[in-house]
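Ligands are counted one by one from 1 in listed order, and the atoms in each one are counted from 1 as well. Just so it is clear, the model here is predicted, and its values are computed rather than measured.
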Amino acid sequence: MTDILEALRRRLGADQVLVGPAIGERHRVDFSHENPCMPLALVRPATTRDVAAILEECTRFRQRVVVQGGLTGLAGGATPQAGEIAISLERLTGVEEVDDAAQTMTVRAGTPLAVAQQAAADAGYLLPLDLGARGSCTIGGNIATNAGGNQVIRFGMMRNLVLGLEAVLADGTVVSSLNKMLKNNAGYDLKQLFIGTEGTLGIVTRAVLRLWPKLPSKVTALCGLRGFDEAVTLLHDLQHRLGGRLSAFEAMWSSYFHYVLDHSSSLESPFDERFALYALVEIEGTSHDGDRAELEAALVAALGAGTIADAALAQSERETKTFWAIRDAIGDITPTLQPLLAFDVSLELGSMKAFLATLDAEFSRFPDPVTNLVFGHIGDSNLHLAVTTHSARDLERLCEIVYGTVGAHGGSISAEHGVGTLRRDYLRHSRTAAEIELMRRLKRALDPNGILNADRVLPA
Ligand SMILES: Cc1cc2nc3c(=O)[nH]c(=O)nc-3n(C[C@H](O)[C@H](O)[C@H](O)COP(=O)(O)OP(=O)(O)OC[C@H]3O[C@@H](n4cnc5c(N)ncnc54)[C@H](O)[C@@H]3O)c2cc1C
């Protein structure tokens, strides 16, 4: 009798079905580094037809699979579970087309984000999705997780950039909906089934992405603020004064900012004084001198009004990079924060201050000190918390406290990284029973045998 591996070898060729030591170590775990597991096999499709063939066979054999893009996900979703076959899209790469009339790019799902960004830039466009993992994360992974990143305040999340896509369902059916039009209300918008659903409803194989004209000017400033209320006022003032040009508004609480500087030999604060909060603001436009003058005028007005206590306008590309390096230093300080609980939560701006105050009060009751470094894209209602304590026995309680407090404030347990396996059991804090049941119904309808990214997103 044929087994699943033989069937896959017959469909794909033996060299694309790897087992044992031939499977690279990196396919055992995503960037969460939690619960690594060697898959039963690794298959490497190069075309949509290959993906369809794999899923047809896996449905026939009731074989569970996990989809892998660049494995930079932070929710455990791409990490194999025992007995699963990993489907890596690392060979399904390439930009198929840049369409100047439609201002779109058609790209295969395994293409790294940085490659797609560069192809857009080479053609005179901007693909406005950007995140620290740009060199490794893939367009398919970005779609599956509805990735956010640094420019969401202006261009929205991945969902806003996808005009059309092609996906393969669990039974091997190919749904090709490579729409390039901005408006298309002919029935259900089926692409939304695959955006942000973390590979649980289908495997994305190709996508049509929206492009914007390149923005030649970028002006960056770092501001010191006395508190959170001032940060909200600054955000709204800048939005009013600068309109849509504000492309980043990143907040770093003193806990995060000074921890980074204390653990870095190369990064320095541009300020002599310490502030309660720091805001990294950036505008992108078409006139460098004009944009710079306008941001400067806005910051002078904010200083005059007492909204900010100090500000440093980046004078060079190097200084811009230094400001961003402080914001992006979380990866560098992670080794000093073990065991680390990394939270990526969303809260309405009006609830953020009370949320953080509740956490401070709760954490102060722990017998061992709890470190909580706070930063995030507050213009997108997104906070990142890096929490650690010496006592491993407290970790589960800390998770319950953070997610319970998020739920009590009407927030979301995942702003941009997704649910995967690591947040699956906390979904109830952000979604009602009716919402979770509707998600289950969709899952049952599209994957009745539960072979595709099973046990991800939805609690058992
Ligand atoms: C340094 C660093 C910075 C980061 N910054 C950000 C940030 O600012 N914003 C942000 O949103 N995220 C960020 N992330 C998280 C991560 O990069 C994103 O979630 C990214 O979109 C994942 O892409 P990937 O190709 O690596 O997906 P993977 O990790 O391979 O997979 C993620 C999930 O998507 C599924 N999947 C992958 N490809 C497909 C496909 N083609 N079809 C269907 N399902 C698929 C997987 O099964 C898994 O469930 C960061 C990660 C790192 C390491």
Closest approach of any protein heavy atom to [atom], naming residue and atom:
atom	answer
atom 14 (N) of ligand 1	Leu74 CD1, 4.0 Å
atom 42 (N) of ligand 1	Val204 N, 2.9 Å
atom 34 (O) of ligand 1	Ala144 CB, 3.4 Å
atom 17 (O) of ligand 1	Thr72 OG1, 2.7 Å
atom 5 (N) of ligand 1	Leu131 CB, 3.8 Å
atom 53 (C) of ligand 1	Phe31 CD2, 3.3 Å
atom 31 (O) of ligand 1	Ala78 CB, 3.7 Å
atom 3 (C) of ligand 1	Ala133 N, 3.8 Å

Could you go through the side chain to side chain contact (heavy atoms under 4.5 Å, CB included) check for Ile326 and Met252 one step at a time? CA-CA 9 Å; Ile326 301 174; Met252 293 171 273; 3.9 Å; yes

Flag for His384-Glu416: side-chain donor and acceptor within less than 3.5 Å: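 There is such a pair (donor and acceptor under 3.5 Å, judged by atom type) between the side chains of Glu416 and His384.
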
Would you mind telling me if ligand 1 is within reach of the side chain of [X], the backbone, both or neither, using heavy atoms under 4.0 Å?
X	value
Thr205	neither
Thr145	side chain
His417	side chain
Asn453	side chain

Should you measure from each heavy atom of Ala147, which atoms of ligand 1 turn up under 4.0 Å away? 11 (O), 21 (O)

So, His429 versus His409, ring centres under 6.0 angstrom or not? no

Distance flag, aromatic centroids of Phe257 and Phe275, threshold under 6.0 Å: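 So the answer is no for these two rings.
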
Check the pair Ile85, Val43 against side chain to side chain contact (heavy atoms under 4.5 Å, CB included), reporting the backbone distance first and the verdict last. CA-CA 7 Å; Ile85 289 180; Val43 289; 3.9 Å; yes

Before giving the answer on side chain to side chain contact (heavy atoms under 4.5 Å, CB included), spell out for Val208 and Asp99 the whole-Å C-alpha distance, their side-chain angles and the decisive distance to 0.1 Å. CA-CA 10 Å; Val208 178; Asp99 182 331; over 6 Å; no

Measuring from the heavy atoms of [X], does anything fall under 4.0 Å of ligand 1?
X	value
Gly418	no
Gly420	no
Gly149	yes

Can an N or O of [X] be found at a distance shorter than 3.5 Å from an N or O of ligand 1?
X	value
Cys137	no
Val66	no
Gln68	no
Gly69	yes

Between Arg28 and Glu84 (salt bridge meaning N to carboxylate O under 4.0 Å), is one present in this structure?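 Glu84 and Arg28: not salt-bridged.
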
When you check the gap from the basic side-chain N to the acidic O, do Arg428 and Glu435 get nearer than 4.0 Å?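 No.
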
Aromatic ring pairing Tyr278/His258, orientation class (parallel under 30°, perpendicular over 60°, tilted between):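 Rings of Tyr278 and His258: perpendicular, over 60°.
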
Above 12 or not: heavy atoms from other molecules or residues under 6.0 Å from OH of Tyr426? yes

Heavy-atom donor-acceptor pair, Arg11 side chain to Glu57 backbone, under 3.5 Å: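 Not at all, since once roles are kept as given, no pair shorter than 3.5 Å links the two residues.
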
Test item: Thr405 side-chain N/O and Ile401 main-chain N/O as donor-acceptor pair under 3.5 Å: yes

Among Thr79, Asn142, Val67, Val168, whose heavy atom sits nearest atom 40 (C) of ligand 1?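 Shortest heavy-atom distance from atom 40 (C) of ligand 1: Val67.
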
Please find the pair of heavy atoms, one from Val457 and one from Thr197, that lie closest to each other, and give the distance.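 Residues Val457 and Thr197, closest heavy atoms: CG2-O, 4.4 Å.
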
